[in-house]
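This chain uses plain numbering: 1 for the first residue, then up along the sequence.
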Amino acid sequence: MAGIKLNLENSGITQKNILEYKEQVENIHKELHEKANEEKEFVGWLELPTNYDKKEFDRIKKAAKKIEKESDILVVIGIGGSYLGARAVIESLTSSFYNMLPDQQRKHPQIVYVGNNLSPNYINELIELIGEKDFSVNVISKSGTTTEPAIAFRIFREILENKYGIDEARSRIYATTDKEKGALKTLADNEGYEQFVVPDNIGGRYSVLTAVGLLPIAVAGIDIDKLMEGARIGQVRYNDSDLKYNECYQYAVARNLLYQSQKKIEILVNYEPNMHYFTEWWKQLFGESEGKEGKGIFPAGVDFTADLHSMGQYIQQGERSLLETVITIENPNSDIVINPDDDNLDGLNYLAGKKLDYVNKKAMEATIKAHVTGGVPNIQIKMEQLDEINLGELIYFFEKACSVSGMILGVDPFNQPGVEEYKKNMFQLLEKPGY
């Protein structure tokens with residue numbers, strides 16, 4: 001059985017509709033793959049699962065073991081693509097309560113994140129959490145001058161140096177940055193931090209399978225070999241230029257067809273709470289790639305069934321500008337049987353003997369039926385299981401679908417010129433020299 005399977009039955013899109021894009025998609029496929037090995041193009045992720053730096057990959061695993069041995073906590077400093085991919089994978093593949101588990105149950109360091117906001121409350125609370133525990137830092141920034149992570153790194157570097165002294169602090173800092181230039185690269189060279197590379201030809205939101213994501217993921221005890229194997233499976237499966245056989249490209253076309261029919265908002269739906277940050281990664285991937293030139297589907301996300309009790313009314317009967325993409329996990333990693341109760345005061349004995357995943361799936365089926373009836377087209381993406389291999393394939397599926405979808409839309413899916421606007425205003429208000 002294929003790990004990832006696309007289901008368009010409830011989308012209102014037919015195979016005939018999709019195949020009208022056959023020639024355009026073939027041209028996009030050719031254009032993408034012709035750029036795959038060009039350093040100045042941001043498509044290095046295309047062949048990354050088979051073309052990654054094996055020596056650096058081994059160094060990542062060794063560094064993860066060192067961090068695990070020395071530290072109770074790994075502080076990951078980054079913003080946007082510099083941390084979202086790692087957090088998405090870690091929270092998808094570990095316990096929902098990973099950071100709360102006792103050391104003997106967790107077996108790997110706690111992973112915490114900073115540099116993704118400017119809240120003093122958040123940073124002070126994190127400092128309080130660390131307390132007297134041993135910790136290391138993975139600072140992730142191509143330039144080293146992005147405001148949020150740069151401030152966080154200044155704060156936590158000082159804490160490390162005060163706690164351990166200059167020399168040991170240096171051995172606890174891991175810098176993932178540009179291979180040749182930039183403020184963080186210069187500092188890492190001067191201080192002797194262990195360094196990993198942010199590739200020049202892979203943008204931040206596509207970088208989860210580089211050292212940007214892989215070091216924190218490995219520290220959490222996740223098998224990065226299997227994660228890359230899943231991505232390699234995706235690279236092979238979605239390398240077919242024929243739209244008829246490439247479900248990744250079919251998803252890209254389907255969402256553009258729905259966009260043309262005034263479906264302006266795509267909601268990514270999951271029924272597993274630990275997929276929440278995967279949705280956050282997906283939102284950045286599509287939002288930053290497609291939201292340009294007055295175009296693009298707005299990416300949103302919900303966690304069902306919880307959000308059915310908050311957002312369900314709007315989705316069912318609000319403005320009909322929505323489409324839903326539901327991630328379904330066929331086989332749960334664990335399950336619970338619902339037992340009978342003698343009093344049956346809650347009226348649930350009709351479920352006695354049934355498994356909770358069965359109930360969850362029926363809730364999903366009922367919701368899809370209700371929303372489709374209410375005018376919300378539905379796309380399903382089925383995963384065989386939530387594990388490293390399937391998640392690696394799903395990451396590659398969305399990365400490639402996003403690039404193709406953006407090119408169908410007529411925008412460059414690899415730049416983000418609009419992001420600089422708020423920074424310019426902020427620097428002016430903060431009276432930064434040169435602004």
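The closest side-chain heavy-atom distance from L268 to K283 is not below 4.5 Å. Taking 4.5 Å as the limit, every side-chain heavy atom of L258 sits out of range of all side-chain heavy atoms of E266. Within the 4.5 Å cutoff, no side-chain heavy atoms of Q380 are placed close to those of E9. Taking the side chain as every heavy atom from C-beta outward, N7 and K382 approach each other to under 4.5 Å. Residues S403 and L32 form a side-chain contact, since some pair of their non-hydrogen atoms from C-beta on lies under 4.5 Å apart. Between L322 and K263 the shortest side-chain heavy-atom distance does not fall below 4.5 Å. Within the 4.5 Å cutoff, side-chain heavy atoms of L386 are placed close to those of M275. For the pair L46 and Y396, the minimum side-chain heavy-atom distance is below 4.5 Å.
Checking side-chain atoms of Y52 against main-chain N and O of E47 turns up no donor-acceptor pair under 3.5 Å. Looking only at distances, no side-chain donor or acceptor of N390 sits under 3.5 Å from a matching main-chain atom of I4. At distances below 3.5 Å, not a single donor-acceptor pair connects side-chain atoms of N246 with backbone N or O atoms of D242. At least one donor-acceptor pair under 3.5 Å links the side chain of N138 to the backbone N or O of Y174. Remark: the backbone N or O of R172 is not paired with any side-chain donor or acceptor of K66 at under 3.5 angstrom. With K292 contributing its side chain and D412 its backbone, the two residues share a donor-acceptor pair below 3.5 Å. In terms of modelled atom types and a separation under 3.5 Å, the side chain of N99 and the main chain of I111 share a donor-acceptor contact. No donor-acceptor distance shorter than 3.5 angstrom exists from the side chain of T146 to the backbone of P149, with no hydrogens or angles considered. Checking side-chain atoms of N360 against main-chain N and O of L356 turns up no donor-acceptor pair under 3.5 Å. With hydrogens and angles disregarded, a donor-acceptor distance shorter than 3.5 Å links the side chain of K295 to the backbone of L409.
Using a 4.0 Å cut-off between charged nitrogen and carboxylate oxygen, E365 and K361 do not count as a salt-bridge pair. Ion pairing between a basic and an acidic side chain is recognised when a charged N comes within 4.0 Å of a carboxylate O; R157 and E161 show such pairing.
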Decide side-chain hydrogen bond (donor to acceptor under 3.5 Å, both in side chains) for N270 and D303; before the verdict, give the C-alpha distance in whole Å, the side-chain angles of both, and the deciding distance to 0.1 Å. CA-CA 5 Å; N270 72 76; D303 303 323; 2.8 Å; yes
Let me see the working for I18 and I13 under side chain to side chain contact (heavy atoms under 4.5 Å, CB included), right down to the final yes or no. CA-CA 7 Å; I18 286 174; I13 303 296; 3.6 Å; yes
Go through R59 and D53 one step at a time and tell me if the salt bridge (charged side-chain N to carboxylate O under 4.0 Å, His left out) criterion holds. CA-CA 10 Å; R59 283 201 304 115; D53 185 333; over 6 Å; no
For E158 and N162, what are the C-alpha separation, side-chain angles and deciding distance, and is it a side chain to side chain contact (heavy atoms under 4.5 Å, CB included)? CA-CA 6 Å; E158 182 179 352; N162 289 337; 3.7 Å; yes
Assess the residue pair V112 and V114 against the criterion (side chain to side chain contact (heavy atoms under 4.5 Å, CB included)); give the C-alpha distance rounded to whole Å, side-chain angles, the decisive distance to 0.1 Å, and a yes or no. CA-CA 7 Å; V112 296; V114 71; over 6 Å; no
Would Y21 and V404 satisfy side chain to side chain contact (heavy atoms under 4.5 Å, CB included), going step by step from the backbone distance to the final call? CA-CA 11 Å; Y21 284 74; V404 172; over 6 Å; no
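Taking the six-membered ring where the residue is Trp, Y206 and W45 present parallel rings, their angle staying beneath 30° rather than reaching 60°. Ring-plane geometry between F304 and Y271 is classed as perpendicular, the angle between the planes exceeding 60 degrees on a 0 to 90 degree scale with a lower cut at 30. In this structure, Y249 and H29 have perpendicular ring planes: the angle between them is above 60°, well past the 30° mark. Using cut-offs of 30° and 60° on the angle between ring planes, the pair W282 and F398 is perpendicular.
Within 6.0 Å of NZ in K264 there are more than 12 heavy atoms belonging to other residues, nucleotides or ligands. More than 12 heavy atoms of other residues, nucleotides or ligands shown are found within 6.0 angstrom of CE on M364. Within a 6.0 Å radius of NZ in K354, other residues, nucleotides and ligands contribute more than 12 heavy atoms. No more than 12 heavy atoms of other residues, nucleotides or ligands shown are found within 6.0 angstrom of CD on E319. For K244, the NZ atom is loosely surrounded, since the number of other residues' heavy atoms within 6.0 Å does not exceed 12. Within a 6.0 Å radius of NZ in K16, other residues, nucleotides and ligands contribute 12 heavy atoms or fewer. Annotation for Q105: atom CD counts as buried by contact number, over 12 foreign heavy atoms lying within 6.0 Å. Heavy atoms of other residues, nucleotides or ligands lying less than 6.0 angstrom from CD of Q15 number more than 12.
Annotation: the span from T14 atom OG1 to L19 atom CG amounts to 8.5 Å, rounded to 0.5 Å. In this structure, CG on N256 lies 10.5 Å from OH on Y251, to the nearest 0.5 angstrom. Taking OG of S11 as the start and CG of L6 as the end, the distance is 8.0 Å to the nearest 0.5 Å. The structure places CD of E324 at 10.5 Å from CG of N10, a figure rounded to the nearest 0.5 Å. With rounding to the nearest 0.5 Å, the separation of CD1 in I123 from CG in N121 is 10.0 Å. The distance from the CD1 atom of I395 to the CD atom of E399 is 7.0 Å, given to the nearest 0.5 Å.
Scanning all heavy atoms of the two residues, the minimum distance from R255 to S405 falls at NH1-OG, 2.8 Å. The minimum heavy-atom distance between T210 and L48, with the atom names listed, is CG2-CD2, 3.7 Å. Taking all atoms of both residues into account, the shortest heavy-atom contact from G115 to I79 is O-CB, 3.4 Å. A pairwise comparison of heavy atoms in I222 and V89 identifies CD1-O, 3.9 Å as the closest pair. Closest heavy-atom contact between E70 and D134: O-CB, 3.4 Å. Nearest heavy atoms, A169 versus Y164: N-CB, 4.1 Å.
The only option from N116, T176, I77, I140 that meets the side-chain contact (heavy atoms from CB on, under 4.5 Å) definition with S82 turns out to be I140. Each of I151, I173, V139, I130 was evaluated against F156; a single residue qualifies, I130, per the side-chain contact (heavy atoms from CB on, under 4.5 Å) test.
For E91 and Y98, the side-chain atoms include no donor-acceptor pair closer than 3.5 Å. Side-chain contact check for Q317 and Q313: at least one donor-acceptor pair (N or O, by modelled atom type) lies under 3.5 Å.
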